[in-house]
Visitor: 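One structure, pasted below without further comment.
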Amino acid sequence: MFHGSIPALITPFRDGIVDEGPFQALVERQIAEGSHGLVPCGTTGESATLSIAEHLRVVALCVEAAARRAPVIAGAGSNNTAHAVELARGAKAAGADAVLVVAPYYNKPSQDGVFAHFKAINDAVEIPIVVYNVPARTITDISVETMGRIAGLANVIGVKDATSDLSRIARHRALCGETFVQLSGEDGSALGFNAHGGRGCISVTANVAPKLCAQMQDASLGGDFETARAIDAKLSPLH
């Protein structure tokens, strides 16, 4: 279900509140341009600064506008485990297909602490979980070995890897299994990520160039890397 170009949607505001109509218009544009999925309330969508009401409203607006035409992976991350559980429950109630859960930021947990965080969310909410590893923002890196442990949890289905370390893809596959969905979190290396066995990218660039990002993903996932490289060359300055 989860593959290809999956934009991490911006959250538009006007006069200090979520601009609902334009947000749903953005969702419609993404689907029309060929995006393969949608991520509301990711980092690009201001997840760290939205109120709980704003956060859940944006997820609901996305689910409503997508109308099952593209899967919705709702951001549900926090450095507060209880808050992450609350967001995951809200995403499930809104009809999201999965949640994107970042490693706890600022707190700098141990690897056992990272595992405990994801286990608590896994045990509390019956919804597919995509683990988000972005040490440049969180300071905490989820090690390959810890990812293998997390992948063993019943609801964990994949990872958004924003480390830019392409060697991890094979190592994750060895520990997490062939069905573990590996998505890039870095547009600049997304093509190489797919060449190593990834299945797509949760993209920032796709907010601006959704059709080209979708075409690049379609080409690379279909094995046509000559076409994919040509498209990526056009996108490179934008990345």
Side-chain angles (χ1 to χ4, degrees), residues 2 5-11 37-50 55 73-81 83-84 87-88 98-118 121 129-151 156-173 175-176 180-209 213 216-217 232 235-239:
F2 305 114
S5 180
I6 306 171
L9 299 167
I10 65 165
T11 301
L38 303 160
V39 174
C41 300
T43 308
T44 308
E46 317 299 341
S47 57
T49 51
L50 295 173
H55 189 117
I73 307 172
S78 175
N79 61 343
N80 175 341
T81 304
H83 184 48
L87 292 174
V99 289
L100 180 66
V101 179
V102 72
Y105 43 86
Y106 186 80
N107 297 347
K108 297 176 69 175
S110 67
Q111 293 299 303
D112 283 343
V114 171
F115 176 78
H117 177 78
F118 282 96
I121 300 164
I129 296 169
V130 177
V131 177
Y132 182 16
N133 189 24
V134 56
R137 289 184 180 272
T138 64
I139 307 303
T140 299
D141 183 14
I142 305 174
S143 73
V144 172
E145 293 73 23
T146 300
M147 191 68 70
R149 292 177 66 197
I150 294 170
V156 173
I157 62 163
V159 61
K160 174 186 176 183
D161 189 310
T163 66
S164 294
D165 180 359
L166 299 184
S167 73
R168 293 194 182 206
I169 301 165
R171 294 158 66 203
H172 282 157
R173 187 163 56 246
L175 287 180
C176 304
F180 189 69
V181 180
Q182 297 196 60
L183 301 170
S184 171
E186 288 289 339
D187 282 293
S189 58
L191 177 56
F193 194 93
N194 283 2
H196 282 263
R199 295 297 302 158
C201 180
I202 295 180
S203 170
V204 176
T205 301
N207 279 285
V208 180
C213 287
M216 191 275 282
Q217 285 292 329
D232 193 54
L235 289 170
S236 183
L238 182 58
H239 297 330

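FYI, the numbering just counts along the sequence from 1. Because only heavy atoms are used, hydrogens play no part in the values below, and waters and symmetry mates are left out as well, while side chains stay in.
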Visitor: I'd like to check Ser203 versus Ile6 (side-chain heavy atoms, cut-off strictly below 4.5 Å). Are they in contact?
Guide: no
Visitor: Let me confirm one number: the CD1-CG distance from Ile10 to Asn207, rounded to the nearest 0.5 Å.
Guide: 5.5 Å
Visitor: How many angstroms lie between CG in Leu235 and SG in Cys213, if you round to the nearest 0.5 Å?
Guide: 5.0 Å
Visitor: Is the closest side-chain donor-acceptor distance between Asn79 and His117 under 3.5 Å?
Guide: no
Visitor: Just by distance, do the side chain of Asp165 and the backbone of Ser167 share a donor-acceptor pair under 3.5 Å?
Guide: yes
Visitor: Are Phe193 and Asp161 close enough that some pair of their side-chain heavy atoms sits under 4.5 Å apart?
Guide: yes
Visitor: Looking at Thr138 and Tyr105, would you say the former's side chain and the latter's main chain have a donor-acceptor pair under 3.5 Å?
Guide: no
Visitor: Within the distance-only criterion (no hydrogens, no angle test), does the side chain of Gln111 pair as donor or acceptor with the backbone N or O of Asp141 below 3.5 angstrom?
Guide: yes
Visitor: Checking the side chain of Gln217 only, and the main-chain atoms of Ser5 only, is there a donor and an acceptor separated by less than 3.5 Å?
Guide: no
Visitor: For Cys176 and Gly148, work out which heavy atoms get closest and say how close.
Guide: SG-CA, 3.9 Å
Visitor: Tell me if a side-chain donor or acceptor on Ser143 pairs with a main-chain N or O of Thr146 at a distance below 3.5 Å.
Guide: yes
Visitor: Do Leu9 and Val39 make a side-chain contact, defined as non-hydrogen atoms from C-beta onward lying under 4.5 Å apart?
Guide: no
Visitor: Could you tell me whether a side-chain N or O of His83 sits under 3.5 Å from a main-chain N or O of Ala76, the two making a donor and an acceptor?
Guide: no
Visitor: Compare every heavy atom of Gly77 with every heavy atom of Leu87, then report the nearest pair and how far apart it is.
Guide: CD1-O, 3.8 Å
Visitor: Is any side-chain heavy atom of Arg149 closer than 4.5 Å to one of Phe118?
Guide: no
Visitor: Side-chain contact, heavy-atom cut-off 4.5 Å: Leu50 with Cys41?
Guide: yes
Visitor: Determine whether a donor-acceptor pair (N or O, by modelled atom type, separation under 3.5 Å) exists between the side chain of Ser189 and the backbone of Gly192.
Guide: no
Visitor: Can you tell me how far apart CD1 (Ile129) and CD1 (Ile150) are? Round to the nearest 0.5 Å.
Guide: 9.5 Å
Visitor: Please examine the side chains of Val102 and Val134, heavy atoms only from C-beta on, and report whether any two atoms are closer than 4.5 Å.
Guide: yes
Visitor: Flag the pair Val159 / Leu183 as yes when at least one side-chain heavy-atom distance between them is below 4.5 Å, and no otherwise.
Guide: no
Visitor: Of all the heavy-atom pairs spanning Ala88 and Ile121, show the shortest one and how long it is.
Guide: CB-CG2, 4.3 Å
Visitor: At what distance, to the nearest 0.5 angstrom, does OG1 of Thr163 lie from CZ of Arg168?
Guide: 4.5 Å
Visitor: First locate atom CZ of Phe2, then atom NZ of Lys160, and finally report the distance between them rounded to the nearest 0.5 Å.
Guide: 14.5 Å
Visitor: Is there a side chain to side chain contact (heavy atoms under 4.5 Å, CB included) between Val130 and Val181 once you walk through the steps?
Guide: CA-CA 8 Å; Val130 177; Val181 180; over 6 Å; no
Visitor: Using only atom types and a distance under 3.5 Å, with no angle test, would you say the side chain of Ser184 pairs donor to acceptor with the backbone of Cys201?
Guide: no
Visitor: Checking side chain to side chain contact (heavy atoms under 4.5 Å, CB included) for the pair Val131/Val101: CA distance, chi angles, key distance, verdict?
Guide: CA-CA 5 Å; Val131 177; Val101 179; over 6 Å; no
Visitor: Are the side chains of Ile139 and Tyr106 in contact, using a 4.5 Å heavy-atom criterion?
Guide: no
Visitor: To the nearest 0.5 Å, what is the distance between CD (Glu145) and NE2 (His172)?
Guide: 8.5 Å
Visitor: Please, which pairs that meet salt bridge (Lys or Arg N to Asp or Glu O under 4.0 Å) have at least one residue in residues 186-204, sequence neighbours excluded?
Guide: none
Visitor: If the condition is side-chain contact (heavy atoms from CB on, under 4.5 Å), which residues does Thr43 pass it with, not counting sequence neighbours?
Guide: Tyr132, Arg137
